[in-house]
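As structure tokens, the structure follows; a few thoughts come after it.
Start at 1 with the first residue, then count along the sequence. Atoms considered below: every heavy atom in the structure, side chains included; atoms not considered: hydrogens, waters and symmetry mates. Predicted model, so just to flag it, every value in this text is computed and none were measured.
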Amino acid sequence: MIANLLATALVLCILGVLFLLIAYLTSLAILLFVPWTQAYLVFAHWLRFDNPARLLKPEAYTLRPFSTRNIRISTSDGLRLGAWHILPKSTPRAILEQIHANEPLSPRLRTNGSATHIQENVVNEKTEAIFEAALKTADKAVLYFHGQVGDRGKANRIATYKAIQEAVPLAHIVTIDCRGYGDSEGFPSEVGFKADAFAAWQWLTQRVPSERVIIYGHSLGSGIATNLCLQLEEHQFAPLAMVLDAAFTSMPDMMTAYRKIPIVRPFARFPFLLNHFKVRLMDRFETVRAVETIKSPLLLIHGQEDADVLISNSHTLFHTALTARRLQSCTKELAVTEAGEAASAEDELARAGLDLPFQVSHSTSRGIAEAATGSQIHQRMPHPSSQQRDGILPEMSLMSPTLSKELRPTSSGSDSGIVSKAARGSSGQHLKEPEGDRLQYEHEHEHEHGHGQCHTVQLDFPREGLLEYNQEYQIGFLTVNYAVHNTCMDFEISKEVLGSFLRTVDDRRRAQQAWNDTADASESKRAPETDLAKVLCHDKLGYVDQSEVPEVVE
């Protein structure tokens with residue numbers, strides 16, 4: 001009897017395992033070969049916690065009363081997106097009272113029994129005029145893209161808006177639900193998100209100059225933000241800065257490493273199957289490739305304990321962007337140097353009575369990519385004496401990838417520009433212990449903009465976080481201790497770094513603009529730039545330990 005029961009239990013267990021295996025393989029096959037099902041897993045837009053109709057009444061959320069309006073943004077393909085415009089924290093009380101006076105005329109929700117339906121905004125012209133006037137005089141504006149699941153009214157996103165307001169009190173916030181989310185129309189896709197982001201950018205920049213707009217993306221929104229920034233720079237537009245919170249390198253990498261729903265991870269030991277899944281994934285969000293091209297100031301923020309998107313993603317993005325910008329800067333400097341040598345050689349040849357053709361190619365963004373493959377970018381002119389002696393121009397030599405690496409600005413340490421303890425004296429960076437228990441970072445600039453060595457510094461704020469920052473290329477990476485996927489902006493260090501970063505970026509932009517507007521820029525002196533490390537260490541207890549910064553491995 002007992003033997004029969006054990007045998008029956010064993011058979012049932014085997015059948016159960018087979019059933020689960022068949023179900024798993026079936027779901028994986030559907031995911032791979034029925035493309036539209038990928039969107040439900042990748043975007044999770046169908047997970048809703050509130051009725052979308054509630055979004056039409058922003059005052060129902062925990063935002064500052066009468067400081068938010070609901071707006072509609074039309075896309076190029078005819079969809080209508082829901083969005084909020086949130087006034088700055090520094091908005092005078094008198095303006096909020098004016099909005100409150102119009103509040104009885106504001107749009108309400110239409111109810112029908114127990115059901116609540118979405119109705120179009122009943123535009124209150126007086127309230128709209130107040131919001132429009134405030135936005136047109138904005139000092140800064142943040143265009144925010146949220147991540148998977150939920151809508152713009154989700155609790156953690158409300159907390160993020162408030163944190164941004166504390167970090168940048170003068171900034172307006174425009175947060176949108178891309179297609180498929182919240183009360184927006186359409187079905188989500190990467191191509192559709194590009195259209196949504198560009199439509200939101202156009203709506204905002206019709207009211208605020210583009211150089212005052214900050215693009216902010218969290219999680220999935222980081223992929224939307226980088227696609228938008230890349231698209232803008234291709235059309236010769238650029239935001240003030242881009243902030244990526246809990247960013248990932250690419251959607252295929254994130255999906256294969258996702259821990260909560262390990263659909264693909266069991267195939268990690270089978271590279272062929274894993275690569276097959278990556279190839280068949282439609283919406284890719286190749287953020288790591290985008291940051292190689294983007295030139296706008298960049299701040300990465302990531303939680304040390306983020307289990308959804310591992311912090312290694314932001315590490316990769318930071319070092320990829322830093323290396324690409326250093327290579328690009330070095331290639332441009334080399335082009336300028338060779339152009340100067342060419343002009344000098346031509347002058348000497350002209351004085352000698354020789355009329356010889358001479359050409360020098362200049363650096364372009366495409367040429368930077370060609371440098372990595374060993375293609376011809378620059379041609380080097382020999383010394384004039386050899387030309388005069390031989391009477392002909394010798395064959396031009398090509399610049400190899402090895403030479404391009406040797407020509408980069410190097411520091412006394414790693415390729416990332418970090419100086420070691422032994423070399424700190426010569427680098428001009430050192431620590432000083434002032435009165436009390438506060439440590440101050442001092443940095444003596446060794447060069448003007450675009451020349452000399454460029455150093456990446458590391459600031460460690462005990463029990464709070466760690467910041468790696470390069471002043472020359474205006475790129476930073478903030479690690480927030482104890483923060484998980486949705487709580488980075490809940491920490492004071494995030495608000496402090498975000499606010500200081502945007503202030504220094506804006507100061508540099510204003511100084512550059514003033515220098516360009518000078519009548520005789522060649523004789524004018526560039527205004528000194530604000531050093532983010534100095535600002536942070538002046539305001540907070542922090543210290544610099546550059547010896548702990550890892551080297552960049554290319």
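Ring planes of F131 and H85: perpendicular class, angle over 60° (limits at 30 and 60°).
Taking the six-membered ring for Trp, H45 and F187 have ring centres closer than 6.0 Å. Y216 and F145 have their aromatic ring centers separated by at least 6.0 angstrom. Within the 6.0 Å centre-distance limit, the rings of F43 and F193 are counted as a close aromatic pair. Taking the centre of each ring, W84 and Y61 come in below the 6.0 Å mark. Proximity of the aromatic rings of H218 and H485 is defined here by a centroid distance below 6.0 angstrom, and this criterion is met.
The pair R284-D253 does not meet the salt-bridge criterion, since no charged nitrogen lies less than 4.0 angstrom from a carboxylate oxygen. Taking the charged nitrogens against the carboxylate oxygens, D77 and R179 do have a contact shorter than 4.0 Å, which makes a salt bridge. A salt bridge links D506 with R509; the closest basic N to acidic carboxylate O contact falls under 4.0 Å. Between E292 and R289, none of the side-chain N atoms (NZ, or NE/NH1/NH2) sits under 4.0 Å from a carboxylate O, so this pair counts as no salt bridge.
Here the options are R72, R80, R54, the test is salt bridge (charged side-chain N to carboxylate O under 4.0 Å, His left out), and the partner is D183; only R72 passes.
Looking at heavy atoms from C-beta onward, C178 lies in side-chain contact with I224 at the 4.5 angstrom threshold. Counting heavy atoms from C-beta outward, D177 and L81 have side chains that stay 4.5 Å or more apart.
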Side chain to side chain contact (heavy atoms under 4.5 Å, CB included) between S250 and F285, worked out: CA-CA 5 Å; S250 69; F285 294 98; over 6 Å; no
Residue pair Y181, R152: steps toward the side chain to side chain contact (heavy atoms under 4.5 Å, CB included) verdict: CA-CA 8 Å; Y181 288 94; R152 61 187 183 274; over 6 Å; no
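Remark: R207 is positioned above the aromatic ring of W203, its terminal NZ or CZ atom under 6.0 angstrom from the ring centre and at most 45 degrees off the axis.
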